[in-house]
Amino acid sequence: MKVITDVVCPFCGSLCDDLTVKVEDNVITDIQRACILGHNKIAGVCLHDRIESPMIRKDGELVEVSYEEAIEKAAEILANSKRNLSYGWASTSCEAVSKAIQLAEETGALIDSTANVCHGPTVLAVHEKGSPAASLGQVKNRADLVVFWGCNPVHAHPRHMSRYSTYARGFFTKKGRKARNIAVVDVRETDTAKLADKYVQVEPGGDYMLLCAIRSVINENEDVIPAEVAGIPKEEIIELATMLKEAKFSCIFYGMGTTQSRSKYKNGAAVSALLYDLNQYSKSVMIPMRGHYNVTGFGQVANWETGYPNAIDFNRKLAYYNPGETGASDVLLRGDVDSALIAAGDPGAHFAQEAVRCLAQIPLIQIDPYHNATTELADVVIPAAVVGVEVEGTAYRMDSIPLRMKKLIDTTFKSDEEIVTDLIEKVREIKGGA
Ligand code: SF4
């Protein structure tokens, strides 16, 4: 029996790196310290809905073929495409992302990550106002006030509160939960809100107004605030602003409740502006609650290699970036792509109906370990190994800290990185290039 320690969980953006996994005869027999989501991901590698073999759609049915045949067919689609959409890449390694960007550049494709439908607006907010950040370690060791705004870690990041933010005992926060106040701002009383010292129920779409009102209190202009803002009485706004101003070190964790609601990226920009004000009195930072375990890594790699974090269009040979025009859902809604390569993402389940309709009408290649809604639309399906379980790789935590994920068991599936490397070679061969 093998006992593997310090295993990194490949599920959510918390990237818990303290798991212990036992392996016997290449089967995972025990997983310690993972939450139910991480446990199911790691244990489920051998259990759920794996894509067993490469497949190509023939006469409307997906039929099993060899890896070579599937890669040849996929490369033909890419080589003959005028503008391919390469989308997903949030649940795979940075090494695979790097290859995917190379493939997109060589085929004149548009590449985007799942941030398109989650924290994409955060990127725009950072462009506009910056992002006073910290590591989760600093939050654990120093934060005496944590605000969860538009996010629900009890369900989406189950160990976040015990490892980093709420109950964690740090150097200056030895009493754990007793050492810090917790505030939640959300449109409904979530299970996270039920654990908070202060819960503020904002009206849907009212986040921007509330942030502006809090800034007025911080800047001692509370006279301008009406009796109620975004459904919240003025007294409550003053109470929350005072908590922020009096904290020694506060962190605002913000989720899709802010990035995908009314005002979109302006909400993130307003959080950043609030921190600018707060940092004149105390220390305050912001961290996005990223969902897919390596969606942060996609942004990092894309930034190094192209200068842009997502929604990158190579159709004019140079990298061009203009979210709203070059986002994955933008081009699909305009019918502006003639093929798609979907990897480690499931737009079939998460995109708007019109965008899914466009995907159904164009040749679609899927690279994924598991069957999902996108498999039903795919013309070529290439199964991949699970990164962090069957192959190793690098991922970035939600606070942009890189961690090395381990290989726990052997597999016969190719990794995403190997599949994309094969695709690059085959496309070059078809195009008669290098
Ligand atoms: Fe895995 Fe996230 Fe659970 Fe940690 S909180 S064990 S990273 S799913």
Side-chain angles (χ1 to χ4, degrees), residues 3-23 28-48 89-94 113-115 118-119 135-137 139-140 143 146 148 150-170 176-177 182 184 190-192 195 251 253-257 287-300 344-346 369-370 372 386-409:
V3 179
I4 309 168
T5 55
D6 302 326
V7 171
V8 177
C9 171
F11 189 81
C12 84
S14 303
L15 278 187
C16 297
D17 57 355
D18 61 343
L19 277 49
T20 298
V21 175
K22 291 183 185 158
V23 177
I28 294 168
T29 54
D30 187 39
I31 305 161
Q32 286 165 20
R33 285 185 289 281
C35 71
I36 188 158
L37 300 177
H39 188 281
N40 282 354
K41 167 95 189 251
I42 297 169
V45 158
C46 311
L47 305 175
H48 351 125
W89 307 109
S91 292
T92 187
S93 66
C94 290
S113 75
T114 55
C118 60
H119 273 277
S135 71
L136 290 174
V139 175
K140 170 184 168 177
V146 169
F148 294 109
C151 53
N152 186 9
V154 165
H155 292 290
H157 303 79
R159 293 186 72 216
H160 188 283
M161 296 175 87
S162 58
R163 285 207 81 208
Y164 310 112
S165 56
T166 306
Y167 303 102
R169 294 169 194 268
R177 178 68 178 89
I182 304 297
V184 170
T190 61
D191 284 336
T192 304
L195 301 172
C251 178
F253 288 102
Y254 58 105
M256 283 172 63
I287 298 179
M289 293 291 268
R290 306 305 296 265
H292 292 86
Y293 73 83
N294 196 29
V295 67
T296 307
F298 181 96
Q300 294 279 340
D346 186 12
Y370 301 106
N372 56 34
V386 178
V387 182
V389 180
E390 296 171 327
V391 287
E392 59 178 7
T394 309
Y396 278 73
R397 210 167 57 185
M398 63 171 69
D399 54 348
S400 298
I401 300 293
L403 294 165
R404 189 74 184 157
M405 293 179 296
K406 296 185 176 180
K407 172 182 165 165
L408 310 177
I409 54 173

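Start at 1 and go down the list; that is how both ligands and their atoms are numbered. In what follows, every heavy atom counts, from backbone to side chain, and hydrogens, waters and symmetry copies are set aside.
One distance of note links OH of Y370 with CG of D346; it measures 13.5 Å at 0.5 Å rounding.
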- Trace of the side chain to side chain donor-acceptor pair (under 3.5 Å) decision for R33 with T20: CA-CA 7 Å; R33 285 185 289 281; T20 298; 2.7 Å; yes

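Between F253 and H160, the two ring planes are perpendicular [angle over 60°; tilted spans 30° to 60°].
Inclusion of C35 in the first shell of atom 2 (Fe) of ligand 1 is not supported: no N, O or S atom falls under 2.8 Å. For atom 1 (Fe) of ligand 1, the set of nearby N, O or S atoms under 2.8 Å includes none belonging to C16.
No side-chain heavy atom of Y254 sits under 4.5 Å from any side-chain heavy atom of C151.
Looking at N152 and T192, their side chains do bring a donor and an acceptor atom within 3.5 Å of each other.
Here the protein heavy atom with the shortest distance to atom 5 (S) of ligand 1 is R159 N, 3.3 Å. Atom 2 (Fe) of ligand 1 has C12 SG, 2.3 Å as its closest protein atom, hydrogens excluded (heavy atom only). What sits closest to atom 1 (Fe) of ligand 1 on the protein, heavy atoms only, is C9 SG, 2.3 Å.
Remark: ligand 1 atoms within the under-4.0 Å shell around heavy atoms of L15 are 7 (S). Taking a cut-off of under 4.0 Å to the non-hydrogen atoms of G38, the atoms of ligand 1 that pass are 1 (Fe), 8 (S).
Counting all heavy atoms, side chain and backbone alike, S93 lies closest to G393 at CB-CA, 3.9 Å.
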